[in-house]
Amino acid sequence: MDTRPYSTWLEVDLGAIKNNIKQIKAMTGTRLMAIIKANGYGHGVLAVAKAAEQGGAEWLGVARMEEALNLRAAGIKIEVMVLGYTAPVMIPEAIRNKIHVAIYDQDMTKAFEAYAKKANGRLKVHLKIETGMGRLGMAPELAPDFLSTYRNHPKFDIDGIFTHLARADEPQFDSAERQLTVFNKLLGKLRSEGLCPPMVHAANSAAVLNFPEAHYDMVRPGIVIFGLDPSPGSPVPETFRPALTWKARLTSLRVLPPGHGVSYGSVYVTSDHERIGVIPVGYGDGYRRTPGQQVIVRGKLVDVVGRVCMDQCMLQLDAVPEAQAGDEVVLLGKQGDQEISANDLAARWDTINYEVLCGLADRLPRLYYE
Ligand SMILES: Cc1ncc(COP(=O)(O)O)c(C=O)c1O
């Protein structure tokens, strides 16, 4: 991995992703759809897709058709599913590229049908059921009639039925149990009437960890394949490894005199002679403008001082006299005995680790290693 051309970059451990996927497969014993939407949770979708396949994922899940087509254009051959909305006009492309789509209401199905008729081949469909998420999904009571109408359709293969759990990261509450009860009741009815699609799936990362009864024929983990916790109350096992490190180079180091303002608005003013360093990272990279942040330099936590700019921010380096321009600085990850995790950044930014990852700007180079 040659980091010399870059001033800030992400290092992604593809071995960690493969290891995490292997562990999920061993825990669940089912097929696995690696959820790699939003640029592979910020890690870089194509490299993650290949690592996921090598780790044993049989399926890849994304949110949008553009993401699915991007995988196919890159030569990814394993099963790909669009979990969210697909524009009807894209159905011929879905058929041509053998991409599974979610279906969740009658009008949508009719629109898909009209476009499917114009294409060669059959559309791979998974019926999404509303069990309590309040997002996308057909009401369970409508599903039996829907399936009996469409199961022998000349243009549709209804390959799957699925739902999504809203609170599987809260195993102490019975919300996920309630959703699973609704889903299981429907599955029982469909099975007794010979209407159940071949594949049933429901489990996001939290349900992979907390609800074995939700594993069914396939699990759909996202955040845990990157080695991160679905929530503070649902940590990944210690054997899972985070895949991401964010680094930058110290691009300038100066001693500023007392009373010197640092960055826009001079909200930080030096109180003495202070060693102030610069790193080329800012909110244009997804590093937030929150005050009171820290990064790691030469294995020590140091303060980010003054306002974070679009492409740069400043560090107070008095505690690290050995620091030099060119040093590697860690914003997320480990250096020496110190670590700043995605959870730490999420707490700092009053958000969740998912949003930290998805906020990593496209312009950050992603460098891969195993
Ligand atoms: C339908 C669906 N399944 C699975 C996932 C994966 O979720 P997680 O990253 O919590 O495992 C998502 C992500 O939001 C999703 O929308």
Side-chain angles (χ1 to χ4, degrees), residues 16-17 20-21 23-25 27-28 30-43 45 48-49 52 55 57-65 67-68 79-86 99-104 125-138 159-171 175-176 179-180 183 199-212 214-237 240 242-244 342-343 346 351-360:
I17 292 174
N20 299 337
I21 288 181
Q23 290 195 56
I24 300 164
K25 288 208 61 103
M27 278 164 66
T28 61
T30 60
R31 268 173 286 200
L32 187 148
M33 178 191 289
I35 305 302
I36 57 167
K37 57 200 172 125
N39 197 21
Y41 286 50
H43 293 65
V45 70
V48 167
E58 296 90 348
W59 287 64
L60 300 172
V62 290
R64 306 203 178 134
M65 185 54 70
E67 296 179 304
E79 306 286 353
V80 173
M81 175 168 180
V82 175
L83 297 159
Y85 170 77
T86 295
I99 292 166
H100 299 250
V101 297
I103 221 164
Y104 42 83
V125 172
H126 294 227
L127 176 62
K128 183 154 198 190
I129 304 295
E130 168 64 57
T131 58
M133 175 72 182
R135 196 168 66 177
L136 301 178
M138 179 175 284
D159 289 339
I161 184 163
F162 72 115
T163 194
H164 192 49
L165 302 174
R167 299 175 67 177
D169 60 318
E170 302 170 14
S175 156
Q179 283 195 259
L180 291 171
F183 196 44
M199 287 187 60
V200 178
H201 49 105
N204 58 3
S205 294
V208 163
L209 301 178
N210 300 326
F211 291 94
H215 294 170
Y216 299 107
D217 304 310
M218 177 159 74
V219 291
R220 301 192 312 262
I223 198 84
V224 291
I225 71 178
F226 304 102
L228 300 178
D229 307 332
S231 72
S234 274
V236 279
F240 282 57
L244 190 76
N343 287 351
T351 183
I352 53 173
N353 53 14
Y354 296 71
E355 195 184 359
V356 171
L357 301 179
C358 291
L360 296 167

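For the numbers below, each heavy atom of this structure counts, side chains included, while hydrogens, waters and symmetry mates do not. Remember, it's 1-based here, ligands and their atoms both numbered in the order they're listed.
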**Asked** Any N or O of Gly222 that comes nearer than 3.5 Å to an N or O of ligand 1?
**Response**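 Yes - when backbone and side-chain N and O of Gly222 are compared with those of ligand 1, one distance drops under 3.5 Å.
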Tell me, which protein residue and heavy-atom name are nearest [atom], and how many Å apart are they?
atom: atom 10 (O) of ligand 1; value: Tyr354 OH, 2.6 Å
atom: atom 16 (O) of ligand 1; value: Arg135 NH2, 3.2 Å
atom: atom 13 (C) of ligand 1; value: Lys37 NZ, 2.9 Å
atom: atom 2 (C) of ligand 1; value: His164 CE1, 3.3 Å

For [X] and [Y], which heavy atoms make the closest approach, and how far apart are they?
X: Ala202; Y: Phe183; answer: CB-CE2, 4.3 Å
X: Asp229; Y: Asn353; answer: O-ND2, 2.8 Å
X: Ala49; Y: Leu60; answer: CB-CD1, 3.9 Å

Relative to the heavy atoms of [X], which atoms of ligand 1 are at a distance of less than 4.0 Å?
X: Ile223; answer: 8 (P), 9 (O), 11 (O)
X: Tyr41; answer: 6 (C), 7 (O), 8 (P), 9 (O), 13 (C)
X: Pro221; answer: 11 (O)

**Asked** Rounded to the nearest 0.5 Å, what separation is found between the CG atom of Leu209 and the OG1 atom of Thr28?
**Response**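 Reported value, rounded in 0.5 Å steps: 10.5 Å.
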Counting heavy atoms only, which part of [X] comes closer than 4.0 Å to ligand 1: side chain, backbone, both or neither?
X: Arg220; result: both
X: Phe162; result: neither
X: Ser205; result: both

**Prompt:** Judged by atom type as modelled, is there a donor-acceptor pair below 3.5 Å linking the side chain of Asp159 to the main-chain atoms of Val125?
**Reply:**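 No: the side chain of Asp159 does not pair with the backbone of Val125.
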**Item:** Side chain Thr30, main chain Asp217, donor-acceptor under 3.5 Å
**Value:**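 Checked: no pair found.
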**Request:** For Arg220 and His164, test the side chains for any donor-to-acceptor distance below 3.5 angstrom and give the result as yes or no.
**Result:**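 Side chains of Arg220 and His164: pair found under 3.5 Å.
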**Request:** Take the angle between the ring planes of His201 and Phe162 and call it parallel below 30°, perpendicular above 60°, tilted in between.
**Result:**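 Because their plane-to-plane angle is under 30°, the rings of His201 and Phe162 count as parallel.
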